[in-house]
Protein chains: 2
Amino acid sequence: MAQIKSIEQVIHDGAKLFMPSVSVDCVIFGFHDNQLKVLLLKMKGADQWALPGGFIYRDEDIDEAASRVLRERTGIQDIFLKQFHVFGQPKRSDKKFHLNMMKKDGIKVNKDNWIIQRFITTGYYALVDFQFVKPTPDFSSVSCEWWDLKDIHELFMDHKNILDRALETLRLQLNYQPIGYNLLPEKFTMPELQKLYETILDKSLDRRNFQRRMSGFGFVKRLKETRQGGAHKAPYLYSFDLKKYKKALEEGLQGGW
Amino acid sequence: MAQIKSIEQVIHDGAKLFMPSVSVDCVIFGFHDNQLKVLLLKMKGADQWALPGGFIYRDEDIDEAASRVLRERTGIQDIFLKQFHVFGQPKRSDKKFHLNMMKKDGIKVNKDNWIIQRFITTGYYALVDFQFVKPTPDFSSVSCEWWDLKDIHELFMDHKNILDRALETLRLQLNYQPIGYNLLPEKFTMPELQKLYETILDKSLDRRNFQRRMSGFGFVKRLKETRQGGAHKAPYLYSFDLKKYKKALEEGLQGGW
DNA sequence: ATATCATTGCGTCGTTATGACACAATGATA
DNA sequence: TATCATTGTGTCATAACGACGCAATGATAT
């Protein structure tokens, strides 16, 4: 499984290497400066941004394919990753657009080539610790960057729709998946955790009730250190008790937000 | 899009009609005699039961393909249907098994035929009103029957795994999807609704607290009729106020079970 | 040095929701 | 007519929740 290095290679060898008709797209979430971020690729030959994606090798598990894409784009080995939806409308990819894009880039491709057939894609969302990511573009893109969630309005193909669905899934799974654990660094403050919840839920929460409830769950432990350097009172640092966290999530955190 | 009538036809025309590599499988839930039921197919040429499934026509939405499978197996037009997971392990289908099965059935198939390639399948779960279903086998099966959930132990390929995942999804989405509405007949009793919840959650609930809480949500309305014919006190009939039900589900029913 | 001020940590209070259980009403069966 | 499983309604103590008060902290301004 040699890594793909050019569009030409995909066009030439794709049909042989990969499964036809199927792809994966990844919504990679990070959290930094109290903002939810998404990793995007700027595409070659078009002034558009896209979600990182890829194809499935003929003998590769689809989850492993997504995991591989994640590794290649972020440099991180073990990443929290979940499927959330299959996007299978016949019109979701625009053949003419693809052909034009490649033409611009000086690439010749036959009209019945593997790459411009209809694809059904499985959407994955991933949660990463922002600080460890080394954004790396792939063969189809010129750069790979973190975007602030609120600044993303238009994306390649149906990728904005995919992103919106990922966010919706994140919201629904907040009580069932270790979302805080995977998005935050090992040590974090209660206001940071709250801000993460508020961003995902898109609503503000009462600071004191949030603290009480979160503490009540019993899976965050307060450390003896405080976060220094802020302009005000130094808040305590916390970390997750992963064992207790996962146990609590199995049943689902009780109550709504 | 002519309906497929025989295995021979699929083998012969499949590659032309359908997308390669992708399929759908449906876990069709019903509720009858206070039991959760699943619709299964008994396969030709093998003493095994399988989930209803199908392929995706080259110009068909994947959700529509699942919907079509549902229509053909149940005779019902509008069915509640949700994707829940993609099963994409390379080893999930066993080429040799398929070849043997067809051999038994006296069907010749080339080793590189479309049908025995690797398939990635998208699992859907469907909720239907038991009484309206007319179970109908497809080209690959000799019969189509309702099975009691608790009697299903082994299925074709990885279908038992798919079923288990569907059930897990049902459990997790109980507070977010109109599951009661779609599984129960228009009029139902509170004990019936409770039994449905208990079956899905696999735990018993206090009758009186269940009634209080369910009434408190405000989307079940008590009718003036009672269910006659039972051996004991005749319970009141209820029906859903669909508008209020859906509104409540948007935010998710608060609290756990 | 001292006052200012946003932020943090901890607590109160009234209301509501929850789990556990009691008891009377119903209506087919014995 | 008595019996009995089942249904409808209610009680009560406890826990959880939302809204809010207030003092402690520590960087910045005066």
Side-chain angles (χ1 to χ4, degrees), chain A residues 33-35 174-175 180 184-185 187-199 201-239 244 248-249 251-257, chain B residues 33-35 174-175 180 184-185 187-199 201-239 244 248-249 251-257:
Chain A
D33 286 340
N34 275 345
Q35 298 283 354
L174 199 50
N175 283 353
L184 291 173
K187 299 174 183 180
F188 55 91
T189 67
M190 200 52 86
E192 284 163 4
L193 182 59
Q194 183 182 341
K195 187 69 191 167
L196 173 58
Y197 270 69
E198 289 181 333
T199 307
L201 295 166
D202 196 25
K203 71 160 99 167
S204 57
L205 302 169
D206 182 276
R207 181 179 63 85
R208 294 150 290 189
N209 294 335
F210 180 83
Q211 187 133 179
R212 178 179 51 186
R213 226 177 125 204
M214 199 52 77
S215 301
F217 288 136
F219 52 70
V220 285
K221 48 179 187 242
R222 194 170 83 178
L223 308 177
K224 282 169 187 169
E225 319 162 56
T226 54
R227 164 88 78 225
Q228 302 297 336
H232 302 285
K233 180 175 177 177
Y236 279 104
L237 287 171
Y238 290 79
S239 71
K244 288 183 185 169
L249 290 169
E251 293 293 310
L253 304 189
Q254 295 309 6
W257 298 97
Chain B
D33 286 340
N34 274 346
Q35 298 281 355
L174 198 52
N175 283 353
L184 292 173
K187 298 173 183 180
F188 55 90
T189 67
M190 200 53 85
E192 284 164 4
L193 181 58
Q194 184 183 339
K195 187 70 191 166
L196 174 58
Y197 269 71
E198 290 182 333
T199 307
L201 295 167
D202 196 26
K203 71 160 99 166
S204 58
L205 303 169
D206 183 276
R207 182 178 63 85
R208 297 150 290 190
N209 294 336
F210 180 83
Q211 184 132 183
R212 179 179 51 187
R213 209 161 144 219
M214 199 50 78
S215 302
F217 288 136
F219 52 68
V220 285
K221 47 179 187 241
R222 195 169 82 177
L223 308 177
K224 283 169 184 167
E225 317 160 59
T226 55
R227 163 88 78 223
Q228 302 297 335
H232 302 286
K233 178 172 180 178
Y236 279 104
L237 287 170
Y238 290 77
S239 71
K244 288 182 185 169
L249 290 169
E251 293 294 309
L253 304 189
Q254 294 309 7
W257 298 99

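First the proteins, then the strands, lettered A, B, ... as listed; each starts at 1.
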Quiz item: Under the side chain to side chain contact (heavy atoms under 4.5 Å, CB included) criterion, do B/Gln254 and B/Phe217 qualify, and how do the steps go?
Solution: CA-CA 9 Å; B/Gln254 294 309 7; B/Phe217 288 136; 5.6 Å; no
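- When side chains are defined from C-beta on, A/Trp257 counts as touching A/Arg213, because their heavy atoms get closer than 4.5 Å.
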Self-check item: Watson-Crick and G-U pairing of DNA chain C, under 3.5 Å, as dot-bracket with | and [ ]
Solution: ||||||||||||||||||||||||||||||
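- Other residues, nucleotides and ligands contribute at most 12 non-hydrogen atoms within 6.0 Å of the NZ atom of B/Lys244.
- Atom P of nucleotide C/dT8 and atom CG of A/Leu193 are separated by 13 Å, given to the nearest angstrom.
- Under the 3.5 Å distance criterion, the side-chain polar atoms of B/Asn175 are matched with a main-chain donor or acceptor of B/Gly255.
- Put simply, CG on A/Asp206 is 14 Å from P on C/dG9, counting in whole angstrom units.
- Tested against A/Met214, the residues A/Asn209, A/Leu253, A/Val220 include a single side-chain contact (heavy atoms from CB on, under 4.5 Å) partner, A/Val220.
- If you check C/dG27, D/dG8, C/dT8 against the side chain of B/Pro235, the one that comes closest is D/dG8.
- Atom CD of A/Gln228 is separated from atom C1' of D/dG26 by 10 Å (rounded to the nearest Å).
- Rounding to whole angstrom units, CD of residue B/Gln254 and C1' of C/dA17 are separated by 12 Å.
- One can find a donor-acceptor pair under 3.5 Å joining the base of D/dG21 and the side-chain atoms of A/Arg208.
- The stretch residues 209-224 of chain A touches DNA chain D through A/Asn209, A/Arg212, A/Arg213, each having a heavy atom within less than 4.0 Å of the strand.
- The shortest heavy-atom contact between B/Gln194 and B/Asp206 is NE2-C, 4.1 Å.
- Here the closest heavy-atom approach between residue A/Thr199 and residue A/Asn34 is recorded as OG1-O, 4.4 Å.
- Of all heavy-atom pairs spanning A/Gly180 and A/Leu196, the tightest one is CA-CD2, 3.9 Å.
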Quiz item: Passes side chain to side chain contact (heavy atoms under 4.5 Å, CB included), B/Leu237 versus B/Thr189? Steps please.
Solution: CA-CA 5 Å; B/Leu237 287 170; B/Thr189 67; 3.9 Å; yes
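- Using cut-offs of 30° and 60° for the angle between ring planes, the A/Tyr197 and A/Phe210 rings count as perpendicular.
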Sub-3.5 Å pairs of nitrogen or oxygen atoms, protein against nucleotides 2-6 of chain D:
unit_1: D/dA5; atom_1: N3; unit_2: B/His232; atom_2: ND1; d: 3.4

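- The main-chain N or O of A/Leu205 is found under 3.5 Å from a side-chain atom of A/Glu198 such that the two form a donor-acceptor pair.
- Taking atom CZ on B/Arg227 and atom C1' on C/dT26, their separation rounds to 17 Å, with Å as the unit.
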